[in-house]
**Student:** 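What follows is a structure written as structure tokens; I'll ask about it next.
Atoms considered below: every heavy atom in the structure, side chains included; atoms not considered: hydrogens, waters and symmetry mates. Residue numbers begin at 1 in each chain, while the letters A, B, ... track the order of the sequences. What you are looking at is a predicted structure, and each value in this text was computed from that prediction instead of being measured.
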Amino acid sequence: YGNIIYSQIRRLGCSVDWDRVTFTMDDHYYQAVIKIFVDLYNKGLVYRGARMINWDTAAQTALSDEEVEYKDVTGKLYFIKYKLAPLAISEIENDGNSEDNFVTIATQRPETIMGDVAICANPNDDRYTKLKGRKVIVPLINKEVPVIFDDYVEKDFGTGILKITPAHDIHDFNIGLKYHLPVIDTLNNDGTISEAGQIFVGEDRFTARKKIIAALKEKGLLIKEEEYPTRLGYSQRSQSIVEPKISTQWFVKMKDLATPALDEVTSDNIRIHPKDKFTATYKYWLENVKDWCISRQLWWGQQIPAWYDEEGKMYVAETEEEARKQQGAQSSEPSAMSSEQSAVINEQLAQGSKIKAQSSKLTRDEDVLDTWFSSWLWPIEVFKGISNPDNKEINYYYPTSVLVTGQDIIFFWVARMIMAGMEYMKEKPFADVYFTGMVRDKLGRKMSKSLGNSPDLLNLIDQYGADAVRFGIMISSPAGNDLLFDESSLEQGKFFNNKLWNALKLVKMWEGNISTSDIEQTTINEGNQFAQKWFENRLAAARMEVDLLMQQFKLSEALKIIYSLIWDDFCSWYLEWVKPEFGKTIAKEVFEKTIDYFDELLQLLHPFMPFITEEIYHLLKERTDDLTVKQFQEIPYLINVVLQSGSHLKELITAIRDARNKNNLKFKEAISICIETNDSTDFDQLMPILSRQVNADAITFGSKPINTTLTLVVGNDTIYIRTEKEIDTAEQLDRLHKDLQYLNGFLISIDKKLSNDKFVQNAKPEIIALEKKKKYDAEIKIETIRQSIDSLQ
RNA sequence: GGGAGCAUAGCUCAGUUGGUUUAGAGCAUCUGCCUUACAAGCAGAGGGUCCGCGGUUCGAACCCGUGUGCUCCCACCA
């Protein structure tokens, strides 16, 4: 089913990847792809060359890399003697058969010896230096081939010398290219020995192997057989052993296309996120770029626009009509092959291939284009920038801003889009590239159909809600890192939804209880005023952080900031601070401000949880606009002092709550507090909040009052607490001693630094000043704690 | 085999050009609370040889070298 859809879409010229539909495409896109192919061909950037493919001899078809399964098996190495070709006639007469006159070569595939075109040793291998300039005779077919030397050969493997069979091994093929050796394909498509093999023609390759071994044995040329562990590729379709096979393919020259694409990234014109992780990969690929094989032997896809006449002459054109015109003009078609490649492809290959015309008609090349050959034009042709250049849309939308994609296609897609952009628009296609991670399961495995570990998103949405699923995925996807999918983060999202509803519920309860009298409005207490000032600044600070993180594409961290801003700062602190006492009204101004803050929070969260935020936005207040289109207001100027006072207040509340907790003082039991401080300036505005949050019926300032039951140290202040209940002082002392111990240790580490001459000489002045301040603060605190300890004893 | 990257709390990760405390967050765990929005909650606590080793530096989670383990991409039948 998937294949049918895939092929249908591809026939329409749509580029599809199994895991993501890249785009849907109209006829104009199809035309654009053809146009670009012809253009590149005319520029001399497209050529025909040779390439190894994986061939399934049973199914008689080419296999993609994914269709080849590698298995560890025990293979056999056959050690075969090759005789040195005589240098002079005298040699034949003398000792032509002495051991010195033979070279032993190890091979797994003796049936390929008929395709040998050379033997090769490592240039640093002393054993074989004497072979320089010599030739050897291939056994059974008695053909002379040269001895060559290349670093590729490992001295320690086999006998340290190997046979070069370019038609049947990728390494041999590459060496063949390097040394301009011919290619002799000794296999037919069905895996039988071809005419070029000369002997055992028509026999299956494995039958031929046995017969060749027997023949070699008979002649005394097989020294030994040795078992060794190796890996073999098997066809996923037929389970037969995959045969590397030489084939003629279409290529795009990449060097000139890659250079501008590399420059755009190295000059930061295009920014990759996360930078350190992927720019290295990108650069490596482009600096070592290999020509791009764009032809595929599939029965679906966009056919290559090349036609052949009966003489085998090739015409590349956008349409068959155009090709016919070229044929009529009898223009002498220059060879599209690079000289290097054409030297390699032998006569037999060209004749035997499909390109031979069968009638006087033109025959179209049956190969189709690589998926990515259409995909790389995507940023341009979706706006018809190729089929209809300089139109309104392409001028408006190109270049676009951000490409979001997977790291696995950095080279396949991203790099090539940049290349196409630079070549055809003379401008980058996008300014930023953001790579998402791969979704993996809890165990770190890739999501796959065969493992069945892909989550059913629709089911999860039913279970947790759409926003919760979005939240769960966003919160656990740090930029560029893989995402380990775990339902616990969705649960967190679900709870967050609930929290938002409850905050709404609270605010809605206040709505019916707003005081409207002038007196109450003008006497908003200092606590409420401080709460507002503080939250405004807290909001501004968080928005600045979020802005920065979004610019850096750190989406999960931005969400974490927003999550904590809403849950902790807004719900746990602000709402508690302004919450009216039971049965009392809320000042109109406070209520309205609270709604404004809530609006802003929803707006921040909206990109992550669009549904619930939009819903609450409309439930909060009658309004005509929608959150999804609402624009952000400018971030107000930050007043740090307010934030500091807020932290101070939170510290006080936390410390007193903690003391209550530790001493089993229930919240209902009121306490009275006396604060001993050197600086009481900001306490005035904090008092109303503090007294309510810790249930203190009285707060005074001064030194230690009698009847003190609890003593704590917060910052540089000492807090004395009086309760009705008797409190065990041992625990308090223990705690104070612990703090003292920590601070003393801390002080020692600072003293060590400051008494180190080299530190004082070398460190920056601001670092030294900082250390001195740390020391000063610690000393004050130690003194405060000492006094508290004394007073307790 | 070639290349890239990762290793910090039980788990997932922050840690911004080396100094902002004796390393932080969320989740999980533990303790105490049905306190008038929320037990899907509130208030707290515990938890780390920053993978091992060596080096540079006054100073290293951060820089360099090396070892180990893991992940990804490309390649792969002498």
**Student:** Looking only at the side chain of A/Leu162 (C-beta and beyond, no hydrogens), which of the listed nucleotides B/G41, B/U20, B/A78 gets closest?
**Tutor:** B/A78

**Student:** Name the pairing partner of B/U68, where a pair is Watson-Crick or G-U wobble with both distances under 3.5 Å, or state none.
**Tutor:** B/A7

**Student:** Indicate whether the side chain of A/Asp569 and that of A/Ser564 have a donor and an acceptor atom separated by less than 3.5 Å.
**Tutor:** no

**Student:** If you check the A/Ala763 side chain, which of B/A78, B/G44, B/G19 turns out closest?
**Tutor:** B/G19

**Student:** Nearest to the side chain of A/Lys774, which nucleotide is it out of B/U20, B/A40, B/C42?
**Tutor:**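 Closest nucleotide among those given: B/U20.
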
**Student:** Considering only B/A78, B/C73, B/C58, which nucleotide approaches the side chain of A/Asn762 most closely?
**Tutor:**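 That would be B/C58.
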
**Student:** Using the ring pair (Phe, Tyr, Trp, His ring centres under 6.0 Å) criterion, which residues pair with A/Phe591? Sequence neighbours excluded.
**Tutor:**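 For A/Phe591 there are no ring pair (Phe, Tyr, Trp, His ring centres under 6.0 Å) partners, ignoring immediate neighbours.
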
**Student:** Can you identify which nucleotide, out of B/U22, B/G19, B/C74, has its nearest atom closest to the A/Phe746 side chain?
**Tutor:** B/U22

**Student:** Holding to ring pair (Phe, Tyr, Trp, His ring centres under 6.0 Å), I want the full list of residues that pass it with A/Trp510, two or more places apart in sequence or in another chain.
**Tutor:**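 So A/Trp510 forms no ring pair (Phe, Tyr, Trp, His ring centres under 6.0 Å) with any residue.
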
**Student:** Of the listed nucleotides (B/A78, B/G44, B/C38), which one gets closest to any side-chain atom of A/Asn498?
**Tutor:**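 Comparing B/A78, B/G44, B/C38 against the side chain of A/Asn498, the answer is B/C38.
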
**Student:** May I have the step-by-step check of side-chain hydrogen bond (donor to acceptor under 3.5 Å, both in side chains) for A/Tyr464 and A/Asn497, ending in yes or no?
**Tutor:** CA-CA 10 Å; A/Tyr464 295 99; A/Asn497 265 329; over 6 Å; no

**Student:** Output one letter per nucleotide in nucleotides 24-37 of chain B: B when a protein non-hydrogen atom lies under 4.0 Å from the base, S when only the sugar-phosphate is that close, - when neither is.
**Tutor:** --SS--------BB

**Student:** Hey, which sits more toward the 5' end of RNA chain B by its nearest nucleotide, A/Lys758 or A/Gly233?
**Tutor:**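 Checking each residue's closest nucleotide, the 5'-ward one belongs to A/Lys758.
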
**Student:** For the pair A/Arg205 and A/Glu111, find out whether any cationic side-chain nitrogen is under 4.0 Å from an anionic carboxylate oxygen.
**Tutor:**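 No.
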
**Student:** Would you name the heavy atoms of A/Phe471 and A/Gly493 that are closest together and state the gap between them?
**Tutor:** CD2-CA, 3.2 Å

**Student:** What's the closest nucleotide to the side chain of A/Lys554 if the choices are B/G15, B/G44, B/U20?
**Tutor:**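 Nucleotide nearest to A/Lys554's side chain: B/G15.
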
